[in-house]
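Every value quoted in this text rests on a predicted model; they were computed, and no experiment measured them. Sequence positions, counted from 1, serve as the residue numbers for this chain.
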Amino acid sequence: MSRRPDLLNSPIRPTLVRMTIPMMLGIVSLMLFNLADIWFVAQLGTEPMAALAFTFPVSFSVVSLAIGLGIGTSATLARLIGSGSTEGAARLATDNLLLTVLLMAVVGVAGQFLTDPVFRLMGAAPELMPLIDAYMQIWFAGSVFLVLNMVCNSTFRASGDTRLSATIMLISSLLNILLDPLLIFGWGPIPALGIQGAAIASVIAWATTTLIALHLLYHRKGMLMLQRPQLGRLLDNWRKVLSISLPAALSNMMTPLANGILTAMVAVHGAEAVAAFGAGARIESLSLLVCLALSMTLPPFISQNLGAQKLDRVGAAYRGAVRFALVWQLIIFALLVAISGPVSRLFSDDENVAHWLQLWLVIVPAGFGFQATTFLSASSFNALHQPMRAMRISLFRLFILYVPLAWLGNYLYDLKGMFIALVIANALTALMASVWIRGYLGKL
């Protein structure tokens, strides 16, 4: 088995920095993957673009399952690795990949039959259904490679190797960007497949990088065992992973639901306000990029040290990550306020859109440090094998504070009140989450 990064003895801060930087590049490449699909399909016209937009909620549900499986994989594997159980880690990694294939076989088959009723229920116009069907039939058939890819990457991260994980993400994105125009518009003997070509390009990219990842897991990492599984141990390993994965997947699904409710609140102020709010969401993703990468590298560090019973390093890593997040996001907030005017006009020439976006830029990012603290706390609870506590944090933030306070602020003071309410909700959630996890660590 290859030498792994030493998460148990190396200095905490440099170790987390070395792990986080590759993950930042990996996340950027995933963003480019999605942007490529949107941009190339948009060249086909309004109807294909609208059809692709309809697919996002459904595809995000599958991605949420993949993220949940990845979180469960990372937490359980890293703890085994930290405890020195090399063979147990390899057995669990192998059993987990088998679980992924079986789950996605069910999802893929069900998707073929449910596409029409689900999208009609979502309100897709009849003229869009052929386009949606053409895309989703391919997408569901190949979704097993998407999820396998993400689970393999989580296996790399569990061992502390974020560089391999990021490299796989980058290769996948580059393949998709190269294949999209070839398959969507055609070239030489390759026919123009339209929106279906976008789905095929994605599946080819996922399948190729999944094969690369499996090769690396077997030959470089020694994390695959080609032997007949024992049923009792197989079911026990599945239970361990799913006990963390299912709550994590549900937590991820809550976010788009809450954002949909917020968008409906914003819609009463007109299409310009919705456009500004949508642009703000994209700025938010970029602004939180560093801390999002940190939230993917902190859990394996915590889980390995938990397995090795080095609890002082667990607490120190969490506290250091939160301090960094608060300072970093404060700097980002100050920068966004300083450039709020030019940025708002860059997104739109419409004065109303620019007005609402500038208002968003000078208020909402004040809460990004607290938001980062919240998801770092939730990811740490998952790493500590406390997934229900992590899910309660998400529930508390989104449906006890975020949505109700946003409604109250919007009702009393329009959008300005709503934006301020979002900052308050993030601050209160961060305080609660931080106190809760520090108390839990103190009892270990």
Side-chain angles (χ1 to χ4, degrees), residues 28 31-32 34-54 56-57 60 123 125 128 255-290 292 328-372 398 401-427:
V28 169
M31 292 180 178
L32 292 175
N34 293 322
L35 284 174
D37 280 353
I38 295 167
W39 192 83
F40 285 118
V41 169
Q43 311 310 306
L44 297 172
T46 302
E47 286 192 353
M49 189 177 180
L52 188 62
F54 264 105
F56 289 158
F60 187 83
L128 296 182
T255 301
L257 175 60
N259 286 339
I261 297 171
L262 292 182
T263 302
M265 294 181 195
V266 173
V268 302
H269 300 282
E272 295 86 358
V274 173
F277 193 66
R282 285 155 180 78
I283 294 171
E284 179 178 323
S285 298
L286 291 173
S287 300
L288 289 166
L289 175 65
V290 173
L292 180 60
W328 175 259
Q329 295 301 156
L330 181 62
I331 294 170
I332 296 296
F333 171 55
L335 177 64
L336 288 175
V337 170
I339 63 175
S340 60
V343 168
S344 61
R345 289 189 292 274
L346 179 66
F347 271 85
S348 178
D349 295 329
D350 187 301
E351 289 186 7
N352 287 325
V353 174
H355 165 73
W356 290 123
L357 181 54
Q358 185 168 12
L359 184 67
W360 186 95
L361 285 165
V362 300
I363 297 175
V364 177
F368 284 175
F370 305 122
Q371 189 173 339
L398 294 173
L401 290 177
Y402 211 63
V403 170
L405 287 180
W407 176 85
L408 183 62
N410 191 38
Y411 179 77
L412 294 176
Y413 301 107
D414 295 328
L415 273 186
K416 184 177 182 180
M418 177 181 174
F419 292 163
I420 293 172
L422 297 181
V423 176
I424 295 171
N426 278 326

State the CH2-CG distance between Trp328 and Leu288, to the nearest 0.5 angstrom. 11.5 Å

Can you sort out the partners of Trp407 under ring pair (Phe, Tyr, Trp, His ring centres under 6.0 Å), two or more places apart, ordered by chain and number? Tyr411

Start with the C-alpha gap between Ile331 and Leu335, add the side-chain angles, then the distance that decides, and say whether side-chain contact (heavy atoms from CB on, under 4.5 Å) holds. CA-CA 6 Å; Ile331 294 170; Leu335 177 64; 5.6 Å; no

May I ask you to test the Trp356-Phe277 pair for a side-chain heavy-atom distance under 4.5 Å? no

Just how far is it from atom CG of Leu359 to atom CZ of Phe419, taken to the nearest 0.5 Å? 5.5 Å

Could you pull out all residues at least two apart from Phe60 that satisfy ring pair (Phe, Tyr, Trp, His ring centres under 6.0 Å)? none

Side-chain donor-acceptor contacts of residues 262-269 below 3.5 Å, not counting sequence neighbours, with atom names and distances?
unit_1, atom_1, unit_2, atom_2, d
Thr263, OG1, Asn259, O, 2.8
His269, NE2, Asn410, OD1, 2.7

Heavy-atom closest pair (Leu422 atom, Ala406 atom, distance to 0.1 Å) is CD2-CB, 3.9 Å

Closest non-hydrogen contact found for Ala273 with Leu415 is CB-CD1, 3.8 Å

If you round to the nearest 0.5 Å, how far is CD of Glu351 from CD of Glu272? 11.0 Å

Do you know which two heavy atoms are closest between Val28 and Leu289, and how far apart they sit? CG2-CD2, 3.6 Å

Leu128 versus Ala50, closest heavy-atom pair with distance: CD1-CB, 4.1 Å

May I ask you to test the Ile363-Val423 pair for a side-chain heavy-atom distance under 4.5 Å? yes

Tell me, yes or no, whether the heavy-atom count around Gln43 atom CD, taken from other residues, nucleotides or ligands under 6.0 Å, exceeds 12. yes

Say whether Gln371 and Gln329, considering side chains only, have a donor N or O and an acceptor N or O under 3.5 Å apart. no

Considering non-hydrogen atoms only, spot the tightest contact between Ser344 and Ala354 and give its length. CB-O, 3.4 Å

Between CD1 on residue Ile261 and CG on residue Leu398, distance to nearest 0.5 Å: 9.0 Å

Smallest separation among heavy atoms of Gln358 and Ser340, with atom names: NE2-OG, 3.4 Å

Output the distance between atom CG (Leu357) and atom CG (Asp350), rounded to the nearest 0.5 Å. 11.5 Å

CG on Leu336 to CH2 on Trp360, rounded to 0.5 Å: 7.0 Å

